[in-house]
Amino acid sequence: MIDLKKDAKYALVIPTSMGTRLTPVNGQPFHCSDTFKMQATSAESNVGAVSSYLGLPVKVLTAFVKGSPVSRFIKDNLASRHMDYEGPEFDAGGPWGLRHQINLADSGAGSRGPRVANDRAGEVGRKLAAEHFDLDRIFGEEGAQFIHLSGLIAALSPETSQFCLEVARKAKEHGTCIGFDLNHRASLWEGREEELAKVFHEIASLSDVLVGNEEDFQLCLGIEGPPPGGEGIAGKIDGFKEMIGRVKKEFPNTSVFATTLREVVSVNLHQWGAIVSAGDEWHVMEPREIGVLDRIGGGDGFVGGLLYGILREWPMEKAAQFGWASGALAATLLTDYGQPADEEQVWSIWEGNARVKR
Ligand SMILES: O=C(O)C(=O)C[C@H](O)[C@H](O)COP(=O)(O)O
């Protein structure tokens, strides 16, 4: 099972490419809006927010553009999320050079689903490499209990794929546990299928916690999908269980496998569930109705809550429930990351208690 390192400076270290998201206000579509809210975001740092807001020490490893006001915005945002950060500062390199990703994403409303367009041209995080960090200091002298990687940073560029591999190897060498959310993105895999299959396979084989849906496991790790079976959520649960049986044989060192279940009733009303497998235990959180303000980040919130529970050394069932509720919390916020006021707020969501607290 999961054996957490003692005396580590950080509970969680997160390699990531930080970017921004522009969201039209009031759920309006991007193309007909003139007022946008800007936030700092990335799949991996979204995961870390549950822990950082609840008081665990979290550090982000990322890249910045020297002198860029957007980099400054991101640094200030990370500081406000109670996260430490470090990473190289690259020269912008003229008008066609480096910058941070801009995620153009609306929230959708009612019967109109959200639309997301990732503008990654010149993304500075593509340049991240192991040589930019003193990994022996970070994982040896300082120490980390967990690192969290996702398929976004692992597939962003050949450099970041290598970076993730080296970070994962170094983390393992120093007794740091690894969480990996497969997060397959077709646009990043195009033309790199063979290379990325190898990279993802090695990272997964070093991972203690693996997260992904059926498609992620098939596309990233080449695991055969579930046989065509039952319809709807019950069918998905059976299919996932059956598939994880096969994944476990291929990745015997991984302790925890998890996925989320979602059915979109309308943009603002989802059926939200999750499945966590740990050893011989299965924890199935049957889908329940949740209210949604902005769905982006719900999956990351789930992983964030699950890792928080594991870091607190809770029984896996409790960690899984906290994950479910942290994902539901993130869906009520405009930010991609959950910002729990305290654990009680998250447990109230789990209990279905949305009454006013005064
Ligand atoms: O940068 C990208 O391309 C991303 O996709 C980042 C995503 O906005 C988050 O990872 C949200 O993912 P969910 O929590 O599943 O909604």
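Numbers here are sequence positions counted from 1. Order of listing sets the numbers, starting from 1, for every ligand and every atom in it. None of these values were measured; they are calculated from a predicted model.
- Close contacts of ligand 1 with Arg295, meaning ligand atoms under 4.0 Å from a residue heavy atom, involve 16 (O).
- The closest protein non-hydrogen atom to atom 11 (C) of ligand 1 is Asp300 OD2, 3.2 Å.
- The six-membered or imidazole ring of Phe200 lies near that of Phe180, with a centre-to-centre distance under 6.0 Å.
- Nearest non-hydrogen protein atom to atom 4 (C) of ligand 1 is Arg185 NH2, 3.8 Å.
- Set against the non-hydrogen atoms of Gln101, the atoms of ligand 1 under 4.0 Å away are 1 (O).
- In terms of polar-atom proximity, defined here as any N/O pair under 3.5 Å, Gly299 does make such a contact with ligand 1.
- The stretch residues 53-69 participates, sequence neighbours left out, in these salt bridge (Lys or Arg N to Asp or Glu O under 4.0 Å) pairs: Lys59-Glu86, Lys59-Glu142, Lys66-Asp91.
- With a heavy-atom cut-off of 4.0 Å, Leu152 touches ligand 1 through its side chain alone.
- For ligand 1, the atoms lying closer than 4.0 Å to a non-hydrogen atom of Gly298 are 14 (O), 16 (O).
- Summary of contacts: the protein heavy atom closest to atom 13 (P) of ligand 1 is Gly297 N, 3.5 Å.
- Interface of Ala43 with ligand 1, defined as ligand atoms under 4.0 Å from a residue heavy atom, comprises 10 (O).
- The pair Lys172-Asp208 meets the salt-bridge criterion, with a side-chain N (NZ, NE, NH1 or NH2) lying under 4.0 Å from an Asp/Glu carboxylate O.
- Here the two rings, on Tyr85 and Phe64, have centers that are under 6.0 Å apart.
- Phe257 is not connected to Val209 by any chain of hydrophobic side-chain contacts under 4.5 Å among Ile, Leu, Val, Met, Phe, Trp and Tyr, and they are in different clusters.
- Short contacts between ligand 1 and Ile296, defined as distances under 4.0 Å to a heavy atom of the residue, involve ligand atoms 8 (O), 11 (C), 16 (O).
- Nearest non-hydrogen protein atom to atom 2 (C) of ligand 1 is Arg120 NH2, 3.1 Å.
- For Asn118, every heavy-atom contact with ligand 1 shorter than 4.0 Å involves the side chain, none the backbone.
- Backbone and side-chain nitrogen or oxygen atoms of Arg262 are examined, and none is located within less than 3.5 angstrom of a nitrogen or oxygen of ligand 1.
- There is no side-chain donor-acceptor pair under 3.5 Å between Ser150 and Asp181.
- Aromatic rings of His184 and Phe217 (six-membered ring for Trp) have centroids beyond the 6.0 Å cut-off, not under it.
- Note on Glu123 versus Arg126: no salt bridge recorded, every NZ/NE/NH1/NH2 to OD/OE distance being 4.0 Å or above.
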